[in-house]
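Let me begin by presenting the structure, written as structure tokens, before commenting on it.
Computed from heavy atoms alone, side chains included, the values below leave out hydrogens, waters and symmetry copies. In what follows, chains carry the letters A, B, and so on, assigned in the order in which the sequence lines appear, proteins first and then strands, with residues in each chain numbered from 1.
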There are 2 protein chains.
Amino acid sequence: MRTGTEKEKRSRGRPRGFITEEVLEKVRGVFLAKGFTGASLDELSAAAGLNRPSLYAAFGDKEQLYIATLRFYGTKSIEGLDAILAGPGTIQQRLARVYSAAIDLYTAPPHRPGCMIVGTAAVESPTYPKIAEAAAELLAAIEKSLERGFAASDLPRKPAPAARARMAGAIMYAIAIRARLGAKAADLKAFANSMVPTICA
Amino acid sequence: MRTGTEKEKRSRGRPRGFITEEVLEKVRGVFLAKGFTGASLDELSAAAGLNRPSLYAAFGDKEQLYIATLRFYGTKSIEGLDAILAGPGTIQQRLARVYSAAIDLYTAPPHRPGCMIVGTAAVESPTYPKIAEAAAELLAAIEKSLERGFAASDLPRKPAPAARARMAGAIMYAIAIRARLGAKAADLKAFANSMVPTICA
DNA sequence: TAGGTTTTATGCGATACGGTACAGAAATAC
DNA sequence: GTATTTCTGTACCGTATCGCATAAAACCTA
């Protein structure tokens with residue numbers, strides 16, 4: 001897939017009137033709110049400010065567009081995760097910051113969307129194996145990021161960083177689910193804060 | 001809603017050719033695999049062995065049918081949860097049994113469906129508030145059941161049973177998500193077993 | 001048996017859906 | 001300037017969708 005940012009030699013014909021990443025950002029809002037099946041191409045192209053043929057030429061069909069959006073969202077999220085985990089403070093403080101930032105995104109108005117992977121990709125998994133595969137890869141990458149954070153900390157080596165990462169990831173997924181089902185940010189933050197010492201024990 | 005099992009006085013006209021709960025069980029398989037939006041009325045009525053007008057007369061529209069199915073599924077699940085938690089053994093053993101039973105259901109072939117609440121209701125929440133409400137109620141009931149189990153155990157009163165229940169529930173939701181995204185039962189069971197001592201610490 | 005009542009079965013209708021054909025527009029290559 | 005390539009916009013196609021109208025069937029009451 002072309003990213004639109006590569007400064008490859010200007011191709012010959014009429015240039016694109018959009019930037020791929022901007023389209024993915026706009027489309028993400030629709031997929032995040034409605035899910036893959038629930039989002040119609042009318043809504044998607046309206047949100048993107050593009051006509052359907054342009055979407056199709058750029059991304060292929062709806063499934064490929066969804067997967068591109070999911071990977072874009074996941075990659076951005078993991079970058080944010082890495083950044084917070086590489087920041088200052090104890091691992092407890094950084095982990096708490098990770099949860100706080102996640103909860104702010106998960107409970108953002110107006111939809112309290114939760115996480116795109118947990119909240120929208122999971123439901124399609126049995127029907128669309130490629131979506132399941134992309135989602136599983138992203139969850140694995142999230143846990144790898146957490147594992148790096150724990151490995152670089154001064155926590156005891158037992159439990160292993162990978163085990164701590166699985167646990168920290170599980171708590172994050174649960175928060176995402178509860179956010180999408182309407183849980184209040186304050187409750188989720190209290191829960192997250194109560195889990196940090198357990199994960200870092 | 002009539003349950004079909006109430007032995008209310010036989011009504012006057014032609015009797016129903018189906019039992020409500022049996023229909024809900026059959027329909028559940030379709031909703032569980034495809035989600036609310038992804039399941040078509042053709043699939044649903046075929047699975048139920050009913051024609052669409054019969055479904056409509058009995059349940060109303062698709063949303064109401066889905067919510068009835070969700071509540072049926074949730075209530076049955078909570079009964080199973082209560083039963084295991086009321087069984088023999090230490091709370092650690094009983095909690096491990098809960099997870100093992102859940103993982104068997106979540107990873108059942110051919111679809112590895114996970115949990116209906118977490119795997120299919122969550123995605124619809126922003127669009128269908130009544131589904132969100134029913135799902136949130138069921139999660140709360142699950143945590144209440146877990147809380148009763150911890151309250152009846154001989155674990156220390158700190159952390160409080162409610163806090164343990166939130167944690168145990170979070171682990172269950174995370175397992176459901178990972179199951180639907182393709183995780184292997186053995187990996188999930190290892191994870192669950194590793195979490196039991198932490199939850200019961 | 002006749003009448004009343006509820007559930008089935010067939011089939012339809014209006015709409016929304018995903019996806020595409022085609023012609024015109026905007027850029028580069030020669 | 002002309003040709004070529006690529007993208008945009010309109011308009012459309014076939015299909016699948018949800019939900020319902022209608023009439024026949026099955027049962028109870030009398």
Side-chain angles (χ1 to χ4, degrees), chain A residues 1-24 26-27 30-31 33-69 124 127-128 130-131, chain B residues 1-24 26-27 30-31 33-69 124 127-128 130-131:
Chain A
M1 184 201 346
R2 318 208 196 125
T3 65
T5 51
E6 302 166 19
K7 293 249 162 43
E8 49 192 339
K9 181 176 49 187
R10 188 80 150 279
S11 62
R12 251 183 17 133
R14 174 174 178 171
R16 284 200 174 152
F18 60 92
I19 298 169
T20 303
E21 298 186 0
E22 287 182 1
V23 169
L24 290 179
K26 291 173 182 168
V27 156
V30 178
F31 276 136
K34 305 250 187 151
F36 167 68
T37 306
S40 76
L41 285 176
D42 275 349
E43 293 171 305
L44 291 166
S45 55
L50 263 65
N51 301 71
R52 250 170 308 174
S54 296
L55 273 182
Y56 271 80
F59 299 100
D61 63 5
K62 189 184 172 190
E63 183 179 3
Q64 290 175 275
L65 174 61
Y66 177 82
I67 291 175
T69 307
E124 316 292 350
T127 311
Y128 300 91
K130 282 186 262 183
I131 292 178
Chain B
M1 183 203 343
R2 319 209 195 124
T3 65
T5 49
E6 301 166 19
K7 293 248 163 48
E8 49 194 339
K9 180 177 51 186
R10 186 80 151 283
S11 61
R12 256 186 13 137
R14 175 173 177 173
R16 283 199 173 152
F18 61 92
I19 298 167
T20 303
E21 299 186 357
E22 287 182 1
V23 169
L24 290 179
K26 291 173 182 167
V27 155
V30 178
F31 276 136
K34 305 248 183 151
F36 168 67
T37 306
S40 77
L41 284 175
D42 275 349
E43 292 170 305
L44 292 166
S45 56
L50 262 63
N51 300 63
R52 247 167 310 169
S54 296
L55 273 183
Y56 271 80
F59 299 99
D61 63 5
K62 190 182 170 190
E63 184 180 1
Q64 290 175 274
L65 174 60
Y66 176 83
I67 291 175
T69 308
E124 317 292 350
T127 311
Y128 300 91
K130 281 186 263 184
I131 293 178

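To the nearest angstrom, P of D:dC20 lies 7 Å from OH of B:Tyr56. Rounded to an integer number of Å, the gap from A:Arg52 CZ to D:dA11 C1' is 10 Å. Between A:Lys62 atom NZ and C:dG19 atom P there is a gap of 8 Å when expressed in whole angstrom units. A:Asp42 places its CG atom 12 Å from the C1' atom of C:dT15, with the value rounded to the nearest Å. As rounded to whole Å, 13 Å separates atom P of D:dC18 from atom CD of B:Glu63. A:Glu43 places its CD atom 7 Å from the P atom of C:dC17, with the value rounded to the nearest Å. As a whole-Å value, the separation of A:Phe59 CZ from C:dG18 P is 16 Å. Taking atom CG of residue A:Leu44 and atom P of nucleotide C:dC17, one finds them 10 Å apart after rounding to whole Å.
In this structure, B:Lys34 contributes its side chain and A:Glu124 its backbone to no donor-acceptor pair below 3.5 Å.
Distance from the side chain of B:Pro53 is smallest for D:dA21 among the nucleotides D:dG9, D:dA21, D:dT8. Residue A:Asn51 has its side chain nearest to D:dG9 when only D:dG9, C:dA27, C:dT8 are considered.
Judged as a side chain to side chain donor-acceptor pair (under 3.5 Å), the pairs with a partner in residues 46-57 of chain B (not counting sequence neighbours) are, in order, B:Asp42-B:Arg52.
Put simply, the side chain of B:Thr20 reaches to within 4.5 Å of the side chain of B:Phe59, judged on heavy atoms.
At D:dT8, one or more side-chain N or O atoms of A:Ser54 fall inside 4.0 Å of OP1 or OP2 (strictly under the cut-off).
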Legend entry - Chi angles and distances behind the side-chain contact (heavy atoms from CB on, under 4.5 Å) call for B:Tyr66, B:Val27: CA-CA 9 Å; B:Tyr66 176 83; B:Val27 155; over 6 Å; no
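If you find the closest nucleotide of DNA chain C to A:Ser40 and to A:Arg14, the one lying nearer the 5' end belongs to A:Ser40.
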